[in-house]
Structure formats: structure tokens, C-alpha cells
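Read the structure below first, then the notes.
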Amino acid sequence: GIGAGPIFLLSTVVLLGHLVGAFLGCELLNVACGRRLIKLPILLVASNAAVGGPSTATTFAESLEWTELVVPAAVCGTLGYALGTPVAFALMKCFSSFT
């Protein structure tokens with residue numbers, strides 16, 4: 001089987017790619033709009049919701065006392081689960097035909 005090293009490396013690369021893509025995309029959007037449309041707290045909580053789900057995102061927002069972002073974190077994380085799960089199953093079905 002595959003050892004823990006390659007899986008850890010893949011996870012690290014994927015998460016770093018997510019973080020770099022989120023920061024670059026946010027900066028490009030802010031520059032294109034000519035103002036700070038997406039502020040850092042919103043970006044960090046949204047990124048946390050995308051990666052960790054609603055429980056980690058709400059805890060993160062609450063621990064930094066960004067109380068106005070707790071409910072949006074829960075909603076985004078839950079929508080991620082609701083939309084991501086069927087997409088993942090569809091992709092699994094598509095890719096399993098290659099084996």
C-alpha cells in the first residue's frame with residue numbers, strides 16, 4: 001500500500017495550493033474592483049469553511065471574536081458539504097471506470 005509520507009505530501013501540496021489560490025484570487029478581485037471587496041477575516045473564515053467544514057470555521061471565527069462571521073461560516077461549510085458530497089460521488093463514479 002501507499003505509505004503515510006506520499007499522502008501527507010499530497011495533502012500539504014493541495015492545501016497550500018488552496019491557500020495560495022484563495023489569496024491570489026482575492027487580491028485580483030480586490031484590484032479589479034478598485035477597493036477591498038473581500039477583507040482578510042472573510043477570506044480566512046471562508047477558506048476554513050471550505051477546508052474544514054462548518055464546525056472548524058465557526059470555532060475559528062468565534063475564537064478570533066469575529067462574531068458577525070459565525071453564521072456565514074456555518075452556512076458556507078454546510079453548503080460545501082451539501083454540494084461537495086454529490087460532486088465527489090459523481091467524480092468517483094467517473095474515475096472508477098478507468099480501473
Side-chain angles (χ1 to χ4, degrees):
I2 297 176
I7 294 173
F8 178 77
L9 181 62
L10 176 66
S11 299
T12 302
V13 168
V14 168
L15 290 174
L16 283 175
H18 164 82
L19 204 59
V20 168
F23 276 101
L24 286 177
C26 179
E27 193 57 32
L28 287 173
L29 182 65
N30 287 336
V31 168
C33 291
R35 62 187 176 99
R36 279 270 162 224
L37 189 64
I38 300 176
K39 294 179 175 63
L40 186 61
I42 294 171
L43 174 66
L44 292 175
V45 171
S47 175
N48 192 317
V51 172
S55 58
T56 61
T58 54
T59 304
F60 177 69
E62 208 168 272
S63 70
L64 293 174
E65 298 180 1
W66 295 334
T67 53
E68 69 280 0
L69 297 177
V70 172
V71 172
V75 171
C76 286
T78 303
L79 282 174
Y81 283 162
L83 298 173
T85 301
V87 169
F89 276 108
L91 287 173
M92 180 187 69
K93 187 173 183 179
C94 289
F95 290 136
S96 66
S97 65
F98 292 122
T99 58

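FYI, side chains are in, hydrogens and waters are out, and symmetry mates aren't considered; it's all heavy atoms of this structure.
In this structure, Leu24 is not a member of the same hydrophobic cluster as Leu29, with clusters built from ILVMFWY side-chain heavy atoms closer than 4.5 Å. Hydrophobic clustering (ILVMFWY, side-chain heavy atoms < 4.5 Å, transitive): Val70 and Val75 are in distinct clusters. By the criterion of side-chain heavy atoms lying less than 4.5 angstrom apart, applied directly or through intervening Ile, Leu, Val, Met, Phe, Trp or Tyr residues, Ile42 is not grouped with Leu79; the two fall into different hydrophobic clusters. Leu10 and Phe8 fall into different hydrophobic clusters, where Ile, Leu, Val, Met, Phe, Trp and Tyr side chains are chained together by heavy-atom contacts under 4.5 Å. Following chains of ILVMFWY side-chain contacts shorter than 4.5 Å, one cannot reach Phe60 starting from Val51, and the two form parts of different hydrophobic clusters.
Heavy-atom minimum distance, Ala57 versus Ala73: CB-CB, 3.7 Å. Between Cys76 and Ala49, the shortest heavy-atom distance links the atoms CB-CB, 4.1 Å.
Annotation: Glu68, atom CD; neighbour count of heavy atoms from other residues, nucleotides and ligands within 6.0 Å is above 12. Heavy atoms from other residues, nucleotides or ligands lying under 6.0 Å from CD1 of Ile7 number more than 12.
Between Lys39 atom NZ and Leu44 atom CG the span is 13.5 Å, to the nearest 0.5 Å. For the atom pair SG of Cys26 and CZ of Arg36, the computed distance is 6.5 Å after rounding to the nearest 0.5 Å. To the nearest 0.5 Å, atom CG of residue Leu37 and atom CG of residue Leu43 are 11.5 Å apart. With rounding to the nearest 0.5 angstrom, the CG atom of Leu69 is 11.5 Å from the CG atom of Asn48.
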List the atom pairs, donor and acceptor, that lie under 3.5 Å between side-chain atoms in residues 85-98 and the rest of the protein, sequence neighbours left out.
unit_1: Thr85; atom_1: OG1; unit_2: Tyr81; atom_2: O; d: 2.8
unit_1: Ser96; atom_1: OG; unit_2: Met92; atom_2: O; d: 3.1
unit_1: Ser96; atom_1: OG; unit_2: Lys93; atom_2: O; d: 3.0
unit_1: Ser97; atom_1: OG; unit_2: Cys94; atom_2: O; d: 2.6

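Residues Pro72 and Val45 form no side-chain contact, since every pair of their non-hydrogen atoms from C-beta on lies 4.5 Å or further apart.
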